[in-house]
Chemist: 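Here's a structure for you.
Predicted model, so just to flag it, every value in this text is computed and none were measured. Just so we're on the same page: letters track the sequence lines, and every chain starts at 1.
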Amino acid sequence: MAIMTLRTRFAPSPTGFLHIGGARTALFCCLHTRRHQGTFLLRIEDTDTERSTPEAVEVILEGLRWLGLAPDEAPSFQSDHTARYLAVVQELLAAGHAYICTCSRERLDAVRERQREVGDKPRYDGHCRNRNLTPGPESHVIRFRTPHTGEVEWEDQIQGKICFANSELDDLILVRSDGSPTYNLAVAVDDHDMGITLVIRGEDHISNTPRQIHLFRAMGWEIPAYAHMPLLHGADGAKLSKRHGAVSVLQYREEGFLPTAINNYLARLGWSHGEQEIFTMVELEQLFDVRQLGRSAAIFDRAKLLWINGHHIRAATPDQLLPELAFQLGRLGVDPIPSVEQLARILPEFQARAATMVEMAQKCRFLFIDSVQPYEEKAARKHLLPSMRVPLETLLQAVTAVTEWHFEGVERAFQKVLTAHGLNMGQLAQPLRVVLTGSAASPGIIETMVMLGREKCCQRLQAGLAWMDGGCG
RNA sequence: GUCCCCAUCGUCUAGUGGCCUAGGACGCCGGCCUCUCACGCCGGUAACACGGGUUCGACUCCCGUUGGGGACGCCA
């Protein structure tokens with residue numbers, strides 16, 4: 001069968017960072033395309049020369065790379081296509097589908113204000129539509145001649161049938177008075193030129209679709225299919241945007257989230273597959289289909305993201321986590337950053353204990369610093385009782401005498417102290433933990449000692465005894 | 001205001017006329033495990049917005065109301 005191969009695009013405007021909502025759009029687009037063996041493209045929509053910056057392009061690219069959503073071909077920049085857009089407009093002008101408009105912004109504002117007062121939808125009133133103006137020295141824009149009657153309808157792959165009466169639409173501007181092309185023109189031309197067969201984007205673009213379809217019709221082009229996905233909302237239920245609580249996806253990396261976890265979480269917003277909650281990227285690429293999306297907006301829930309992130313941390317192999325842990329330790333000021341061998345040895349002990357890589361770094365930091373004093377006050381008060389002084393001193397001796405520094409060897413020494421003083425595990429483990437780690441929580445006490453090494457164990461035991469002698473109870 | 005869209009536990013969702021005294025997940029609460037903290041396991045909490053229809057039977061279909069969101073730029 002001659003099924004047209006799927007071509008999609010993610011089309012961000014480089015006016016800022018890539019936020020979590022944009023990342024979700026890119027993810028859905030990418031997953032759907034991979035599932036159907038299509039081609040996923042990236043188009044930078046920089047027709048707004050005022051606000052677009054090369055820095056933003058770089059940040060968006062980096063965000064996509066980090067998430068593993070790299071496009072299949074080199075990105076396309078709308079700013080490279082200006083001549084093409086303008087040529088299309090000339091065709092439109094020649095065919096009578098566009099016209100010159102000399103209305104001033106002041107007039108437009110006044111018209112809109114009047115319409116609002118009457119309770120109408122603000123839109124261009126068609127003042128220049130039939131004036132047959134020709135380009136002159138006077139400042140002018142070029143507008144599209146939108147049909148007055150009839151309607152535009154399309155079968156949206158997510159929303160179902162959507163229909164707009166043409167009478168609801170106005171004559172949009174195609175070319176600004178400075179001669180630059182506008183968004184709707186550029187999108188329509190590029191979607192056609194790039195051979196896009198399915199436009200996947202946020203539902204905030206629904207109202208642009210009829211305009212773009214009209215442009216396609218006027219040019220006699222084949223109209224692509226559309227899939228408008230529900231938006232991501234913030235905790236207050238409003239659209240997530242840069243000025244509304246959204247932060248860069250790269251900040252999630254800083255906060256210790258794994259890209260697989262972010263993707264997993266985002267995919268479950270609006271989409272599900274039975275009762276499965278945890279998905280790998282490979283699974284998503286096999287299962288995700290935009291046509292299975294729900295139609296209602298979802299609210300971003302950090303608590304669930306944390307849970308999923310913890311799950312992916314546990315599921316990861318240590319070497320996958322190594323670079324992230326090193327990165328986070330560096331941010332905590334650990335210097336020098338431990339070797340990968342060192343980190344690989346201790347990392348498994350912390351996988352089940354951290355929801356983020358930041359948390360993991362915080363929890364294993366004690367291993368790599370010189371002193372854990374001052375102790376966490378509450379922990380010290382509760383566990384470093386005077387009665388523990390002697391047992392800890394015995395332990396110091398036992399530790400010094402350990403011949404082979406491995407789990408069994410250390411455990412033997414520890415048990416000996418327990419027996420000698422008639423203590424149970426917890427009675428000795430907790431004070432020791434405080435002395436060794438500075439806090440009342442850590443991996444198993446023997447594991448902790450083994451990880452720390454004999455030298456540091458002895459040093460900290462000595463420091464602990466000194467602290468107790470100092471009477472700082 | 002006008003147009004478009006949406007509506008199941010606090011949140012993400014399953015549900016496509018009877019299998020629903022509405023299932024799962026996160027969170028929260030309780031318990032187990034236990035040297036601490038986690039992980040894990042067990043149990044609990046909590047929802048079909050409202051009103052009309054259609055039907056032998058509605059969470060599921062239709063209409064209305066209410067509520068929410070989006071769009072109304074020489075931004076994208």
Chemist: Using a 4.0 Å heavy-atom cut-off across all strands, classify I299(A) as base, sugar-phosphate, or nothing.
Modeler: sugar-phosphate
Chemist: On a whole-Å scale, what distance lies between the P atoms belonging to rA22(B) and rG10(B)?
Modeler: 15 Å
Chemist: Nearest-nucleotide wise, let me know which of H311(A) and W307(A) is further upstream toward the 5' end of RNA chain B.
Modeler: W307(A)
Chemist: Measure from the side chain of I206(A), starting at C-beta and using heavy atoms only, and say which of rA25(B), rA76(B), rC4(B) lies closest.
Modeler: rC4(B)
Chemist: Can you tell me which nucleotide in rC3(B), rC35(B), rU13(B) comes closest to the side chain of R268(A)?
Modeler: rU13(B)
Chemist: Considering only heavy atoms and no angle criterion, is a donor-acceptor pair shorter than 3.5 Å present between the side chain of N208(A) and the base of rA76(B)?
Modeler: yes
Chemist: Using a heavy-atom cut-off of under 4.0 Å over every strand shown, decide if R51(A) touches base, sugar-phosphate, or nothing.
Modeler: base
Chemist: Between rU21(B) and rG64(B), how far apart are the C1' atoms? Round to whole Å, please.
Modeler: 30 Å
Chemist: Of all the choices, rC74(B), rA76(B), rC39(B), which nucleotide is nearest to the side chain of A352(A) once you look at every atom?
Modeler: rC39(B)
Chemist: Could you tell me whether E203(A) and R295(A) have a side-chain N and a carboxylate O separated by less than 4.0 Å?
Modeler: no
Chemist: Can you measure L172(A) atom CG to rG73(B) atom C1' for me and round it to whole angstrom units?
Modeler: 11 Å
Chemist: Would you call R43(A)-D191(A) a salt bridge at under 4.0 Å N-O?
Modeler: yes
Chemist: Would you indicate what E45(A) reaches in the nucleic acid, counting non-hydrogen atoms under 4.0 angstrom: base, sugar-phosphate, or nothing?
Modeler: sugar-phosphate
Chemist: Look at the aromatic rings of F288(A) and W271(A) and report parallel, tilted or perpendicular, splitting at 30° and 60°.
Modeler: tilted
Chemist: Is there a donor on the side chain of Q115(A) or the base of rG1(B) sitting less than 3.5 Å from an acceptor on the other?
Modeler: no
Chemist: Which of parallel (below 30°), tilted (30 to 60°) and perpendicular (above 60°) describes Y226(A) and H228(A)?
Modeler: parallel
Chemist: Under 4.0 Å between any heavy atoms, over every strand shown, what does L231(A) touch: base, sugar-phosphate, or nothing? Just pick one.
Modeler: sugar-phosphate
Chemist: When the C1' atoms of rC26(B) and rG69(B) are considered, how many whole Å apart are they?
Modeler: 24 Å
Chemist: For rC20(B), give the paired nucleotide (Watson-Crick: N1-N3 plus N6-O4 or O6-N4; G-U: N1-O2 and O6-N3; both under 3.5 Å), or none.
Modeler: none
Chemist: Could you state the atom-to-atom distance from CG of L428(A) to P of rU36(B) in whole Å?
Modeler: 13 Å
Chemist: Provide the distance between the two P atoms, one in rG27(B) and one in rU11(B), to the nearest whole Å.
Modeler: 16 Å
Chemist: What nucleotide among rA14(B), rG69(B), rG24(B) has an atom nearest to a side-chain atom of S272(A)?
Modeler: rA14(B)
Chemist: Roughly how far apart, to the nearest Å, are rC37(B) and rC19(B) at atom P?
Modeler: 45 Å
Chemist: What about R433(A): does its side chain form a donor-acceptor pair under 3.5 Å with the base of rC35(B)?
Modeler: yes
Chemist: Looking at every strand, decide which applies to D204(A) at a 4.0 Å heavy-atom threshold: base, sugar-phosphate, or nothing.
Modeler: sugar-phosphate
Chemist: With heavy atoms under 4.0 Å as the rule, sort C103(A) into base, sugar-phosphate or nothing.
Modeler: base
Chemist: Contact class for R105(A) (heavy atom, under 4.0 Å): base, sugar-phosphate, or nothing?
Modeler: base
Chemist: Are any of the side-chain nitrogens in D125(A) or R107(A) under 4.0 Å away from the carboxylate oxygens of its partner?
Modeler: yes
Chemist: Output the single nucleotide from rC35(B), rG24(B), rA38(B) whose closest atom is nearest the side chain of R353(A).
Modeler: rA38(B)
Chemist: Could you tell me which nucleotide pairs with rA14(B) by Watson-Crick or G-U wobble geometry, both distances under 3.5 Å, or answer none if nothing does?
Modeler: none
Chemist: Nearest whole Å is fine: how far is rC74(B) C1' from I173(A) CD1?
Modeler: 4 Å
Chemist: At 4.0 Å (heavy atoms only), tell me whether H228(A) reaches a base, stays on the sugar-phosphate, or touches nothing.
Modeler: nothing
Chemist: Determine which nucleotide pairs with rC39(B), using a 3.5 Å limit on both distances of a Watson-Crick or G-U wobble pair.
Modeler: none
Chemist: Rounded to whole Å, please give me the gap between CG in L287(A) and P in rU13(B).
Modeler: 17 Å
Chemist: Considering every strand and a 4.0 Å limit on heavy-atom distances, what is the contact class for G444(A): base, sugar-phosphate, or nothing?
Modeler: base
Chemist: Looking at D301(A) and K304(A), does any basic side-chain N land under 4.0 Å from a carboxylate oxygen?
Modeler: no
Chemist: Under 4.0 Å, counting only non-hydrogen atoms across every strand here, what does F300(A) touch: a base, just sugar-phosphate, or nothing?
Modeler: nothing
Chemist: Using a heavy-atom cut-off of 4.0 Å across all strands, would you classify A440(A) as base, sugar-phosphate, or nothing?
Modeler: base
Chemist: With both distances under 3.5 angstrom, what nucleotide forms a Watson-Crick or G-U wobble pair with rC33(B)?
Modeler: none
Chemist: Determine the minimum heavy-atom distance between L42(A) and L61(A), stating which atoms define it.
Modeler: CD2-CD1, 3.4 Å
Chemist: With rounding to whole Å, what would you report as the distance between rA7(B) and rG15(B) at their P atoms?
Modeler: 13 Å
Chemist: Given rU2(B), rA76(B), rC35(B), identify the nucleotide with an atom nearest to the side chain of D48(A).
Modeler: rA76(B)
Chemist: With respect to the side chain of A298(A), which nucleotide from rC35(B), rC12(B), rA76(B) is positioned closest?
Modeler: rC12(B)
Chemist: Please give the distance between the P atoms of rC6(B) and rA47(B) as a whole number of Å.
Modeler: 26 Å
Chemist: Just to be sure I understand the rule, does S177(A) reach a base, reach only the sugar-phosphate, or reach nothing, if contact means heavy atoms closer than 4.0 Å?
Modeler: base
Chemist: If you pin P443(A) and R123(A) to their nearest nucleotides in RNA chain B, which one's is more 5'?
Modeler: P443(A)
Chemist: With C1' as the reference atom in both, quote the distance from rA58(B) to rC20(B) in angstrom, rounded to an integer.
Modeler: 11 Å
